[in-house]
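Labels below follow one simple rule: chain letters A, B, ... track the order of the sequence lines, proteins then strands, and each chain is numbered from 1. We use all heavy atoms of the structure for the numbers below, so side chains are in, but hydrogens, waters and symmetry mates are not.
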Amino acid sequence: MTQEELFKKLIAHSKEYGFIFPSSEIYDGLSAVYDYGQLGCELKNNIKKYWWDSMIKLHGNIVGIDAAIFMHPKTWEASGHLGAFNDPLIDNKDSKKRYRADVLIEEWIEKQKDKIKKEVDKAVKRFGDSFDEAQFVATNARVVELQTKIKETEDEMARTLGGNDLVGVKALIEKLEIVCPISGTRNWTDVRQFNLMFETKVGAAADGANTIYLRPETAQGIFVNFLNVQKSARMKIPFGIAQIGKAFRNEIVARQFIFRMREFEQMEMQFFVAPGTEMQWYEHWKAFRMRWHQALGFGAQNYRFHDHIKLAHYANAATDIEFDFPFGFKEVEGIHSRTNYDLSRHAEFSGKKITYFDTDKNESYVPYVVETSIGVDRMVLQVLSAAYKEELLENGETRTVLSIPAPLAPVKVAVLPLIKKDGLPELAQTIINSLKFDHNVQFDEKDSIGKRYRRQDAIGTPLCVTVDHQSLEDGTVTIRHRDTMAQERVAIDQLPALVNCIVSLNSLFAKLV
RNA sequence: GCGGAAGUAGCUCAGUUGGUAGAGCAUUAGCCUUCCAAGCUAAUGGUCGCGGGUUCGAGUCUCGUCUUCCGCUCCA
């Protein structure tokens, strides 16, 4: 089976068993948007808990927040997200060249102004010799006509661009008969805005509603709260602020299942450090984050660092942790040394002082930031791709099994009466009652026992507890392990401790400290 | 954005020169009782992606459109 076939099967499996559905599927779906089903949601929650607790519980100097998705629009001016990405673009279909629509119109206006200048120059030159009233009137009329056209165009440009009326912008370009400087044709595409931020309006339209944005990253919610958290929690540098939340990017090309979605979830931690110490913390978090991934046991060979050579404007070091997905090594997480860029910019744009007084150094400074930022959805995909297997059994049959690490598995235990009479279902229910406060437990009495095992394998349940007639006599059950299919007989009253030992996140945390 | 392919039941698919939409699995209800899936009986489930057109009649022919997948391009 090729990697491509495996990926297709994984997508089908995810849908069939209730992990991930295409969004709004009854309306033919919405491109690059997906919903998490009953099992996907559990898996995702478990991943988030693994991450959150590994940050908050294991580190005395990291606290978590949950900032709003809506933020003051100035946030995005300060962060640099508004600006270069905000231009209306238009392509010429013949030359295949892309232009800024507003620049094309402005160039046209400049040309008209040149025409006026030429007319006037010509008139001045001519009337210096002999004044002709008829020619003067004609020249004047041409100039006034051009000026009127310029004024109309400027008004129309301001109206369409200001109101984000892209159809209007294109209509204007067509009306002005602007041609491509290279191909010389007027074969234009529609005007498109390649802004990665989604816009919406706050307030009633009649009152002059303001444009606000769905955040394209969660980080800014932490930066703008830096002083709130530092002061209210009495945090001393170095310290971190963690957050899990949705972010939104209007990607032009969004593909590969849940790898690149327009709405996605990030887990990120901004670690604030003294200037000059950022590189050592950068190395520290690189190592810690890699340990976090590898603790899941998918194999070290499936991970690698990809150090950035070309850095973003705010960073002085950056690396990605890449995982070997069915479609190749791709970024799951980024670790960036963001310098003091963000806090400085917010200080500048807000006019507030954002500094930290370091009592050890006895000086005040703008902290440097080391960021770890991981995509929850990519993490879900990592777990599913690593876990999905089709095994050939000794009897020649194949079984589909999701070897999800037990602490992340959506369902921890299935309790199965061997047959559905003689009081076996009732005993199974008693066992479920002893486990359900702590774990997600399923009951299943339909079909043969082998079939029920396979059903649980397909959704990644690590443990099956089977109740048989012997259970009624001596109070023992068999416990069957997903990956090895091995069975052992244990006392019912030992089950809670045994299950807890296998499915607890603690086994993962132990590898991190 | 360009090119290619696909879309029929929850899933995998069949559907003849255009003539009343099928199978297996799944699901549900019984029966049976067996520690590694497909025992018996019955039931449920489809405006054939959507919208026009041709035709007495369209899953089938035709045009458009949407969605998904693959490749290229673009973006980071």
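A/Asp468 comes within 4.0 angstrom of a nucleotide base, judged by non-hydrogen atoms across all strands. Residue A/Lys420 is classed as a base contact, given a heavy-atom separation below 4.0 Å to a base. A/Leu418 comes within contact range of at least one nucleobase, with a heavy-atom separation under 4.0 Å.
Listed by residue number, A/Thr478, A/Arg480, A/Met485, A/Gln487 are the residues of residues 478-489 of chain A with a heavy-atom contact under 4.0 Å to RNA chain B.
Summarising the geometry, the separation between CZ on A/Phe259 and P on B/U68 is reported as 18 Å, rounded to the nearest angstrom. Regarding A/Gln38, its CD atom lies at a distance of 16 Å from the P atom of B/G10, rounded to whole Å.
Among residues two or more places apart in sequence or in another chain, the salt bridge (Lys or Arg N to Asp or Glu O under 4.0 Å) test is passed with A/Glu445 by none. In this structure, the ring pair (Phe, Tyr, Trp, His ring centres under 6.0 Å) partners of A/Tyr341, at least two apart in sequence or on a different chain, are A/His313. Under the ring pair (Phe, Tyr, Trp, His ring centres under 6.0 Å) criterion, A/Phe443 pairs with no residue at all, not counting sequence neighbours. With sequence neighbours left out, the salt bridge (Lys or Arg N to Asp or Glu O under 4.0 Å) criterion links A/Arg455 to A/Asp444, A/Asp447. With sequence neighbours left out, the salt bridge (Lys or Arg N to Asp or Glu O under 4.0 Å) criterion links A/Glu268 to no other residue. Not a single salt bridge (Lys or Arg N to Asp or Glu O under 4.0 Å) links A/Lys436 to another residue, sequence neighbours left out. Remark: A/His439 pairs with no residue by the ring pair (Phe, Tyr, Trp, His ring centres under 6.0 Å) rule, at least two apart or across chains.
Side-chain rings of A/Phe325 and A/Phe327 approach one another, their centers coming within less than 6.0 Å.
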Item checked: Dot-bracket summary - RNA chain B, pairs being Watson-Crick or G-U whose distances fall under 3.5 Å, with | when paired to another strand -> (((((((..((((.....[..)))).(((((.......))))).....(((((..]....))))))))))))....
Margin query: So if I define the base as every atom that isn't primed, P, OP1 or OP2, how would nucleotides 39-47 of chain B read as a B/S/- string at a heavy-atom cutoff under 4.0 Å?
Written below: ---------
Which pairs, protein N/O on one side and nucleotides 24-26 of chain B N/O on the other, fall under 3.5 Å?
| unit_1 | atom_1 | unit_2 | atom_2 | d |
| --- | --- | --- | --- | --- |
| B/A26 | OP1 | A/Lys451 | NZ | 2.3 |

Give the table of side-chain donor-acceptor pairs shorter than 3.5 Å for residues 413-426 of chain A, with sequence neighbours excluded, one pair per line with atom names and distance.
| unit_1 | atom_1 | unit_2 | atom_2 | d |
| --- | --- | --- | --- | --- |
| A/Asp422 | OD2 | A/His469 | NE2 | 2.8 |

